[in-house]
Amino acid sequence: MLHLFRTSLGMMALAAASFGPGSGAQAANGPFLAHQALYDLSLVKSRSNSVNSARGRILYNFTGSTCEGYTSEFRQVSELDSGEGKVTLSDLRSNSWEDAAGKSYRFKIETRMNEADAGRVDGSAERDGDHINVKLKLPAPKTFTLDGKIVFPTEQIQRIIAAAKEGKSLLELSVYDGSDDGQKVYNTLTVIGQPIPADRVTSSDPSTSDEHMKSLKRWPVTVSYFDRDVQQKEGEQTPVYAMSFELYENGVSRQLVLDYNDFVISGAMGKFDVKDSKPCN
C-alpha cells in the first residue's frame, strides 16, 4: 500500500501542466504561462483505516513556449503515518521537457523513500511516424518502441481542454510519461462534467482571485489511470489511481483530489506566482 503514496508521474504532469494558467483562447493549442505553484497536501479519508494521517507539499515550476517547448520542474515531499510509529517519508523530484507539437519528450526522475538510496529514471522519447522510439539511460540502458497513438503529458492536457470545449463527456488516451521504471504506459479515461459558469465559486484559492480567471468557465474533470499491461492481459478495469479537479478553459486547475483506492489526498493551491517568459519571435 505504501508505494501507492508515491505520486505517479502521470498524475504529476497532468496536475502540474493544468495548474498553470494558459493564454486565453489559445490554451487548447498548448501555450501555458510560465509560473511557480505551491500545493499543500492533506488526507481526506482512509478507506482501509490503514492511514492515520498524510501531509506534504508540491512545488512546481513551469516555463517555455510553443516555439521552444515546455520545461517542468517538480518536487513532492510527502509524509504518511500508518500508525504505531510507522511513518514513511517520500521525496520525488522530476525534470521534463516536451516540445509543443508532442513529438519529443525528455525526462529525469528521482524517487527516495525514507533513507533508502534514490531510484532514478533518465530517458527520452521521439515520435517517428506511426511509432515512438524510447531510449533509457537509467535505471538501465534500453531502447524500445511504443504505439504512435500514445501521447505525452502536455499533449494530454491539450486534448482534454479541446474535448471539453467540444462538449464531449468522455476521452480515452494512452499516456507515456517516463514514470516507474521508464517503461510504463497508462490507459486513461477522462470524464468531463457540465461546464461551470464563471460566476459560480464555491471556495477561494490563488486561482479564483487571479484576474485571468474571473470571466472564464471551467469543467469538473476526473482522470482515471489504468496499468496498460495489466489491462491488456487480464482485462482489469480497476484504476491504479484517479484524480479529480476543476479545469478552466485557459488551462488552470483547482480543487485537486487524488484517489489511491486505499486513501484519498487533497491538494490545495497555497501559492501562485507568474514568471517571466520570452515570447516566440
Side-chain angles (χ1 to χ4, degrees), residues 3-4 6-18 30 32 60-76 90-113 117-160 171-190 223-236 239-241 243:
H3 71 281
L4 292 174
R6 180 183 71 81
T7 305
S8 172
L9 192 62
M11 182 283 294
M12 295 188 306
L14 179 59
S18 60
F32 298 102
Y60 187 75
N61 285 286
F62 186 87
T63 58
S65 63
T66 53
C67 52
E68 65 183 19
Y70 301 104
T71 298
S72 60
E73 297 176 345
F74 177 101
R75 184 177 185 185
Q76 176 180 336
S90 64
D91 188 346
L92 175 60
R93 309 180 192 206
S94 74
N95 185 301
S96 64
W97 174 87
E98 181 178 340
D99 77 330
K103 293 182 178 180
S104 299
Y105 180 58
R106 298 194 299 264
F107 52 91
K108 291 184 178 181
I109 309 160
E110 179 178 308
T111 308
R112 187 184 301 274
M113 300 290 287
D117 292 339
R120 293 180 173 86
V121 180
D122 185 347
S124 62
E126 297 287 337
R127 193 176 301 278
D128 183 9
D130 62 355
H131 64 279
I132 296 171
N133 297 317
V134 179
K135 181 181 292 186
L136 295 180
K137 297 178 182 178
L138 295 172
K142 185 172 184 177
T143 58
F144 56 93
T145 60
L146 297 172
D147 188 331
K149 294 180 180 179
I150 292 169
V151 301
F152 303 134
T154 301
E155 184 178 352
Q156 180 188 12
I157 275 293
Q158 296 169 10
R159 298 277 191 97
I160 293 174
L171 178 65
E172 292 185 83
L173 292 171
S174 294
V175 181
Y176 177 76
D177 51 42
S179 59
D180 294 288
D181 60 356
Q183 301 181 60
K184 181 74 69 177
V185 174
Y186 286 101
N187 286 339
T188 69
L189 174 63
T190 301
V223 185
S224 298
Y225 283 77
F226 302 84
D227 187 319
R228 191 176 192 231
D229 292 336
V230 173
Q231 202 168 28
Q232 288 179 334
K233 292 178 181 178
E234 304 176 10
E236 178 63 45
V240 178
Y241 64 86
M243 60 177 297

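In this text the structure is predicted, and so the values were computed from the model without any measurement.
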Steps toward side-chain contact (heavy atoms from CB on, under 4.5 Å) verdict (Gln156, Asp177): CA-CA 10 Å; Gln156 180 188 12; Asp177 51 42; over 6 Å; no

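- In this structure, the separation between CD1 on Ile157 and CD on Glu98 is 10.5 Å, given to the nearest 0.5 Å.
- Counting only heavy atoms from C-beta outward, the side chains of Glu68 and Thr63 never approach each other to under 4.5 Å.
- When each of Pro239, Ser174, Ser224 is paired with Asn187, the side-chain contact (heavy atoms from CB on, under 4.5 Å) condition holds for Ser174 and for no other.
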From CA spacing to verdict: side-chain contact (heavy atoms from CB on, under 4.5 Å), Asp227, Lys184: CA-CA 8 Å; Asp227 187 319; Lys184 181 74 69 177; 2.7 Å; yes

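- With rounding to the nearest 0.5 angstrom, the CZ atom of Arg228 is 13.5 Å from the OH atom of Tyr186.
- Note that OG of Ser124 is 12.0 Å distant from CD1 of Ile132, once rounded to the nearest 0.5 Å.
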Check against side-chain contact (heavy atoms from CB on, under 4.5 Å), Leu92 and Ile109: CA-CA 8 Å; Leu92 175 60; Ile109 309 160; 3.8 Å; yes

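- Annotation for Asp181 and Gln183: closest pair OD1-N, 3.0 Å, computed over non-hydrogen atoms.
- To the nearest 0.5 Å, the span separating NZ on Lys137 from CZ on Arg120 amounts to 14.5 Å.
- Shown here are the salt bridge (Lys or Arg N to Asp or Glu O under 4.0 Å) partners of Arg106, two or more places apart in sequence or in another chain: there are none.
- Listed here is the closest heavy atom pair of Gly148 and Arg127: O-NH1, 2.5 Å.
- Looking only at side-chain heavy atoms (C-beta outward), Leu173 and Thr190 stay at 4.5 Å or farther from each other.
- One finds the OG atom of Ser104 at 3.5 Å from the CD atom of Glu126 (value rounded to the nearest 0.5 Å).
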Evaluation steps, side-chain contact (heavy atoms from CB on, under 4.5 Å), between Ser179 and Phe107: CA-CA 9 Å; Ser179 59; Phe107 52 91; over 6 Å; no

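- Heavy-atom minimum distance, Ile150 versus Val175: CG2-C, 3.9 Å.
- Summarising the geometry of Val121 relative to Gly182, their closest heavy-atom pair is CG1-CA, 3.9 Å, with the distance given to 0.1 Å.
- Under the 30°/60° scheme for interplanar angles, the aromatic rings of Tyr105 and Phe152 are found to lie parallel.
- Taking NZ from Lys108 and CZ from Arg93, the interatomic distance works out to 14.0 Å, rounded to the nearest 0.5 Å.
- Aromatic ring orientation, Tyr241 versus Tyr225: parallel (interplanar angle below 30°, classes split at 30° and 60°).
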Pair Thr145-Asn133, side-chain hydrogen bond (donor to acceptor under 3.5 Å, both in side chains): steps then yes or no: CA-CA 5 Å; Thr145 60; Asn133 297 317; 5.6 Å; no

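- Residues Asp91 and Arg75 form a side-chain contact, since some pair of their non-hydrogen atoms from C-beta on lies under 4.5 Å apart.
- The side-chain heavy atoms of Asn61 and Ser72, taken from C-beta on, include no pair separated by under 4.5 Å.
- Val230 is not listed as a side-chain neighbour of Val240, based on a closest heavy-atom distance of 4.5 Å or more.
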